[in-house]
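Notes follow the structure.
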Amino acid sequence: MVADLIRALLAGAAGAVLPGYFWAAVLRPTGGLGERLAWSTAISMASVPTVAVVLARVTRSGVALWVALAAVLIVFGSGLLVNWRRGPAPGTAAPVLRMPEPTRDPRVLGLVAVAIALGLLVMPARRPPVLVLAVIAVALIVGGALMAWHRPAEPADSPPAPSPGATGFLSAPPPAPEPASPASAASAGPSGAEPGAAGHHEDPPAPAPAQPAPATAQSTTATAADPRPFGLPLPVVRDGGLAVILVLTACRVYSGVVRFEWPYVSGGDQYSHAVMAEQMLAHGQYPGYLIYPPGFSALTAVICRFAGLTPLALFPVLAPMLLVVTALGAYALATRLWGWEYGLGAAALSGLVLTGAFNGFAGGRYPDLVSAFFLLVMTVAALITVYEAPTVRSAVLVTVVGASAVFYHSVATLYAAVLFVLVALICLPYLLRGRHRPETRALLLSLAGVAVLAACYAIYVYNPGGILGGKSSTGGAVSIVLGSQSPASQGALLKELGPPIVWFGILGVAALAASLRWLRRPAQVLTAATVVAWCVVMYLGSRTSLDGFPQRFERDLGAPLAVMAAFGIGLIVRSLPIRGAASRTAPALAAVIAGILAAVMLLAQTGHAVKASDRSAGELLSHRVAAAGQWLAQHNTGGTIISTPYMNPGITNRAVLAMGGYTGLQSYSPFRIAHPRSLPTAGKTPLLDSQEVLLHPQSCQSANILVRQDVRYVVLYRVGNGADLPAFAADTAHYQQVFENPSVIIYATHRTGCG
């Protein structure tokens, strides 16, 4: 495993991380190595598979080694050339938003503390009462809104505030500035944040107005601008802290794989992706297998060529690193919003606390994990870049990264489409009304670029209306999915994401929404509106069956909530009596209680998540089924095979297809054929043919199917009722047993037909 892991990591870095390194510098300014690598990975994942697919189709070949090398060199070389000719992107990587001032009202802090305490009480419950959940949610919404509701008051002779984004977990809060006019807000600091943006910095009501007791101007400004947190250079603390978090994330996700699963890995969907990657390696496409965009399979094929491993050998050693990538994406977005301290918090929450991303890995849903938890997160960060720096470079970044979801996963395509529609409906009217022409032009260019590139991807993948010739099954696939899945209960959201992600995420969303009333700069307003709208639409999508994927929306809601939870925790941490931040006993006590309760909830959920990761996630291929698959691979003479729909819990017949090197015939259970949520691009006919052979092997129709579909082997699982085993054993004229173990029987077919 160690040798394969080293080869896979080097190949993954060469194919999915480093090709976009110079493009990351050209298209946007970055602060630190971690943010640079996040953007490099996003650009690489968005562009390398596209170039590989184009080269494979033009040359009518598979993704050979030269295709993989050419794709990587084209992306890397073009970025190097443009960086040499045009230079890195101008501007600053300072955060766009500024944290509200520390809360001094003990009633607000007490309300938040009570909500967290109730959340702790219902954590062990398998089915927490809906009324209690509603009370907690309402309390956190109200508390978060009050934390960012009032404009801070300050004497007229107060010193100017330090640059936005300089304050965070590691520095004392600055004195609250005097309310600024829109004109003065436009020139406030390098990131342009409005001084005193939406913070609650007032004492409880008293007969006479009470003013907070800030630290001296000189010490506060020096602390806020201090480039040496903890007395160390900033890159050491920032990049070193991120490295520690990513290593811990890798340890968490690899633990169960190494101890309980190797040489296999949990999840049934991985076998579909293995089949598609094998087809990409051999033919550059898989037209008759599944309606899946080719992005992930093409990227897998490139990495397989570099590593010299098959997809089934690559996934156990490299797929766990996808959790590290998602944590890196959360870091990049939170850093862009509030600063690197919150980036570290978001990375830790995503990698060590969030359960939704880990469940995606455990189910083998790799394209969904990449697109929903990384590429879409980076798309939001790219939109923020357009708001802050409305240039052609930022528009190109949004186009390349924003359209990539269409090339990876159909459900992520829905997420991206809804997100961009919301951006158009919310942001364009605001910009037009305020006559912000540069921002309007850049956003229109970005939306147009995304629409054109996404349309090209969609035409290639789905062939709507048969534009590229042949038959399109897109309309039928959409009609099958809509309304076919019921939303889960409200309590399921806590189980899917983890209580701290949900509760602190709600607190952060409420505070960010409330802070909109004080934001003046377009970049700040559009950033806050986009992030809040993203969270809200993902939640609404999880509560309706009309979108067809409410449970996917529920799990993928963890991507924005992990970032917002870092913001929510930051609201509490900044109110703690640290370095003279508290001026009165009651607020300090309330803040300490809220902080202790928050820490207990985080530690409890982290322990639960780590413990759950330190065992097999289930849906694991058995050794007996694997032995049958290896036999099929050794005796593969072409044609197709048929197998029972389910080989063992969570593992479908696609496992033996992947291990044997076949693409068909697929088989579904009779109920799933009658009520499908998705169909292969070949339609229902192969599924019905498989069902006929498995249930009625001695029929004349089955004999003709063996000939028409060129069926070489029939693979039968002994457990379940997916096939008529005695009938196969009795029909020696058409079936000859060639393999058997306690779980699986394989018959070779005599394709004689039936007159």
Side-chain angles (χ1 to χ4, degrees), residues 1-13 15-17 243-275 277 296 299-300 303-304 307-328 347-348 350-370 373-374 496 498 555 558 606-627 629-630 647-652 654-655 658-659:
M1 179 181 182
V2 174
D4 287 352
L5 178 61
I6 293 173
R7 293 163 63 185
L9 289 177
L10 293 177
V17 177
V244 170
I245 292 171
L246 298 183
V247 169
L248 291 176
T249 301
C251 292
R252 172 200 175 190
V253 71
Y254 273 105
S255 176
V257 174
V258 172
R259 296 182 61 190
F260 301 105
E261 299 182 356
W262 180 261
Y264 311 111
V265 67
S266 59
D269 284 6
Q270 61 170 310
Y271 300 105
S272 297
H273 306 312
V275 171
F296 184 78
L299 184 63
T300 302
I303 297 174
C304 285
L309 299 172
T310 65
L312 283 178
L314 180 73
F315 289 154
V317 291
L318 194 60
M321 290 299 295
L322 295 178
L323 270 294
V324 177
V325 172
T326 61
L328 190 63
S350 177
L352 302 175
V353 182
L354 177 65
T355 58
F358 181 83
N359 290 340
F361 157 74
R365 296 180 285 264
Y366 306 143
D368 178 60
L369 187 62
V370 170
F373 283 87
F374 180 66
E496 187 66 53
R555 182 179 65 249
T606 302
H608 173 76
V610 171
K611 183 178 179 180
S613 305
D614 194 25
R615 60 175 182 262
S616 175
E619 296 188 3
L620 194 63
L621 187 69
S622 69
H623 290 278
R624 291 167 179 171
V625 175
Q630 293 166 1
M647 307 303 293
N648 53 285
I651 303 299
T652 67
R654 293 172 185 169
M659 290 183 293

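Excluded from the calculations below are hydrogen atoms, water molecules and symmetry mates; all remaining heavy atoms, backbone and side chain alike, are included.
In plain terms, the two heavy atoms of G15 and L299 that are nearest each other are O-CD1, 3.8 Å. The two residues S272 and R654 come nearest to each other via the heavy atoms OG-CD, 2.9 Å. Residue A277 comes nearest to P311 through the heavy atom pair CB-CG, 3.6 Å, listed as atom of the first residue, atom of the second, then distance. Closest non-hydrogen pair, N359 versus E496, comes out as ND2-OE2, 3.0 Å. Across all non-hydrogen atoms, the minimal contact from P316 to P263 is CG-O, 3.7 Å. L621 approaches A626 most closely through the heavy-atom pair CD2-CB, 3.9 Å.
Counting only residues at least two apart or on different chains, the salt bridge (Lys or Arg N to Asp or Glu O under 4.0 Å) pairs with a member in residues 353-369 are D368-R555. Residue pairs meeting the side chain to side chain donor-acceptor pair (under 3.5 Å) criterion with at least one member in residues 309-325, sequence neighbours excluded, do not occur.
Between R7 and V317 there is no side-chain heavy-atom pair separated by less than 4.5 Å. With a 4.5 Å cut-off on side-chain heavy atoms, L322 and V370 count as touching. Put simply, the side chain of V625 does not reach to within 4.5 Å of the side chain of Y264, judged on heavy atoms. Side-chain contact between H273 and P367 is present, with at least one heavy-atom pair separated by less than 4.5 Å. T652 places none of its side-chain heavy atoms less than 4.5 Å from the side chain of Y271.
A distance of 12.5 Å separates CG in L323 from CG in L328, rounded to the nearest 0.5 Å. Note that CG of L5 and OH of Y254 are 5.0 Å apart. Values are rounded to the nearest 0.5 Å. In this structure, SG in C304 is found 7.0 Å from CZ in F315, a value given to the nearest 0.5 Å. Within the model, atoms CG of L318 and CG of L309 stand 9.5 Å from one another, a figure rounded to the nearest 0.5 Å. The CD1 atom of I651 lies 7.0 Å from the CG atom of L620; values are rounded to the nearest 0.5 Å. Atoms NZ and OG1, on K611 and T606 in that order, are 14.5 Å from each other to the nearest 0.5 Å.
A donor-acceptor pair under 3.5 Å links the side-chain atoms of Q270 to the main chain of V265, judged by distance alone. Side chain of D269 to backbone of Y366: no donor-acceptor contact under 3.5 angstrom is found. S255 contributes no side-chain N or O that, together with a main-chain N or O of C251, makes up a donor-acceptor pair within less than 3.5 Å.
With sequence neighbours excluded, no residue forms a ring pair (Phe, Tyr, Trp, His ring centres under 6.0 Å) with H608.
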T326 vs F361, side chain to side chain contact (heavy atoms under 4.5 Å, CB included): CA-CA, chis, key distance, verdict:
CA-CA 11 Å; T326 61; F361 157 74; over 6 Å; no

